[in-house]
K.L.:
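First the structure, which I've put down as structure tokens, then a few questions once you've had a look.
Chain letters run A, B, ... following the sequence lines, proteins first, then strands; residues in each count from 1. In this text, all values refer to a predicted model and were calculated from it rather than measured experimentally.
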Protein chains: 2
Amino acid sequence: MENDQTLALLDFFKALAEPNRLKIVGLLAREDLAVEQIAAMLNLRPSTVSNHLSYLVHAGLVSARPQSYYNVYHLEVTALQEMARRLLSHETLQAAAADVDLDAYDRQVIRNYTGPDGRLKQLPSQFKKMQAVLRYVVQVFEPGVRYSEKEVNERLARFHDDTATLRRELVEQGLMAREGGGGQYWRVVSED
Amino acid sequence: MENDQTLALLDFFKALAEPNRLKIVGLLAREDLAVEQIAAMLNLRPSTVSNHLSYLVHAGLVSARPQSYYNVYHLEVTALQEMARRLLSHETLQAAAADVDLDAYDRQVIRNYTGPDGRLKQLPSQFKKMQAVLRYVVQVFEPGVRYSEKEVNERLARFHDDTATLRRELVEQGLMAREGGGGQYWRVVSED
DNA sequence: GAATTAAATCGATAATGATCGAATTAGTTA
DNA sequence: TAACTAATTCGATCATTATCGATTTAATTC
């Protein structure tokens, strides 16, 4: 997590992920109310309602206005709609996974399929795992450099004897490209 | 609660109100993933991830597609945006408080201020409570009927001797209206 | 058919949170 | 100043749930 944006999003969801708090928001959508009034309507003790309201205030969905010697709570409709609007954008969700270790699975597969010499003990039959292996081996090719088929095979041979399969899969998965018919290969750089 | 719409809303919030589940959604926003992959990325056991995914599936935010002999999970972006859009409408929130006892607070105030004879022991000084009392006493007037000031006082006297204050407050709070200067009063019907 | 693999389910544990009553705070009325 | 009122905070209890390891299920590979 770590991310400010995402923490706010989490507080937002936590605030609304409880039945009585949803009801409180529904009541405040009609009119401003004091703790005592909400407590009577929901048949809860004022201390309980106070606790619920603290979640809503912390999420910025509700504000308290002192009036004479009690507090009147008010729904911040704009804050709520702002959050909802933010949910409609794709970047918001991707940011939630900002600090996740995206390569952890690949490393796990590599660890299982390579011996102490760094060579592949075998080629995975599973699609997922083959992809992880391919993303690993493709790193021996420099972006922007052209390689002959012989050079490609030499480099792939460091990992496994079946260089033909590796080469074909690399092209099929779009990690490398080949000039039509000729012997020129190069690494494709992903846009991620 | 009881309400289908609201229950779905609650499941939606519950599904997203947990840090690791938010991260899973963020990961699935990039690409479809299998349980094992997610588990490696988040450094959690597959059983834990499976549990989290069941919440997301139940909320309709994620779907599972069997592929060879494992499951590939997919983010239902449209379902998520549909929920977000629903949040932007006011009716959705009001529906959350559909089955709440809106008059519970008023009854509580009336109970505290009336004696066994049904008369008011005193008039509340607090604004909130006075409003509750006024909503109570105004019910002795029929909607659509016009009353002289004398008739108004007679009816209010059933509740308290200070009929002048009650009459003035009823008009001030918009619960009754008076014809300019003349002695004609009538009950105002609220739109709620 | 036997061994392997991914995922789900189950049982247990530890952490979080919903709720209440009691005590405290702060502002109000008399 | 004293008594009152609304709200918050505190301490305790009970329910929910996040997590793990072990077991089970189902599909795959050899």
K.L.:
Which nucleotide in the list dT19(D), dT9(D), dA6(D) gets nearest to the side chain of Asn20(B)?
P.N.:
dT19(D)
K.L.:
Do any side-chain nitrogens or oxygens of Thr48(A) fall under 4.0 Å of OP1 or OP2 in dA18(C)?
P.N.:
no
K.L.:
For the side chain of Lys14(A), counting heavy atoms from C-beta on, which of dA6(C), dT29(C), dG17(C) is nearest?
P.N.:
dG17(C)
K.L.:
Rounded to whole angstroms, how far apart are NZ on Lys121(A) and C1' on dT29(D)?
P.N.:
17 Å
K.L.:
Could you state the OH-P distance from Tyr73(B) to dA6(C), rounded to the nearest angstrom?
P.N.:
14 Å
K.L.:
Nearest whole Å is fine: how far is dT17(D) C1' from Phe13(A) CZ?
P.N.:
19 Å
K.L.:
How many whole angstroms separate atom OH of Tyr55(A) from atom C1' of dA18(C)?
P.N.:
8 Å
K.L.:
May I ask you to evaluate whether Lys129(B) reaches the phosphate of dT28(C), defined as a side-chain N or O under 4.0 Å from OP1 or OP2?
P.N.:
no
K.L.:
How many Å lie between CZ on Arg45(B) and C1' on dC10(C), as a whole number?
P.N.:
18 Å
K.L.:
For Ser125(B) and Gln126(A), find the nucleotide of DNA chain C closest to each by heavy atoms; which residue's nucleotide sits nearer the 5' end?
P.N.:
Gln126(A)
K.L.:
Between Glu18(B) and Lys14(A), does any NZ, NE, NH1 or NH2 come within less than 4.0 Å of an OD or OE carboxylate oxygen?
P.N.:
no
K.L.:
Whole angstroms only, please: what is the CD-P distance between Glu36(B) and dT5(C)?
P.N.:
10 Å
K.L.:
Taking the inter-plane angle between the rings of Phe13(A) and Phe13(B) on a 0 to 90° scale, is it parallel (under 30°), tilted (30 to 60°) or perpendicular (over 60°)?
P.N.:
tilted
K.L.:
Mapping Tyr69(A) and Val49(B) to their closest nucleotides on DNA chain C, which lands nearer the 5' end?
P.N.:
Val49(B)
K.L.:
Which of these nucleotides, dA8(C), dC20(C), dT19(C), is closest to any side-chain atom of Asn51(A)?
P.N.:
dT19(C)
K.L.:
Under a 3.5 Å distance rule, please check whether Glu31(A) uses its side chain to pair with a backbone N or O of Leu27(A) as donor and acceptor.
P.N.:
no
K.L.:
So which nucleotide from dA7(C), dA8(C), dA18(D) ends up closest to the side chain of Tyr70(B)?
P.N.:
dA7(C)
K.L.:
From the list dA7(C), dG21(C), dA7(D), which nucleotide is the closest neighbour of the side chain of Ser47(A)?
P.N.:
dG21(C)
K.L.:
What is the distance, rounded to the nearest whole Å, between atom OH of Tyr113(A) and atom P of dT29(D)?
P.N.:
11 Å
K.L.:
Counting side-chain heavy atoms from CB outward, which of dC20(C), dG21(D), dA18(D) is closest to His52(B)?
P.N.:
dA18(D)
K.L.:
With a 4.0 Å cut-off on N to O distance, would you call Arg111(A) and Asp106(A) a salt bridge?
P.N.:
no
K.L.:
Using heavy-atom distances to pick each residue's nearest nucleotide on DNA chain D, tell me which of Glu18(B) and Pro46(A) is more 5'.
P.N.:
Pro46(A)
K.L.:
Ion pair present between Arg135(B) and Asp103(B), side-chain N to carboxylate O less than 4.0 angstrom?
P.N.:
no
K.L.:
Using whole Å, what does the distance between atom P of nucleotide dA7(D) and atom CD1 of Ile38(A) come to?
P.N.:
9 Å
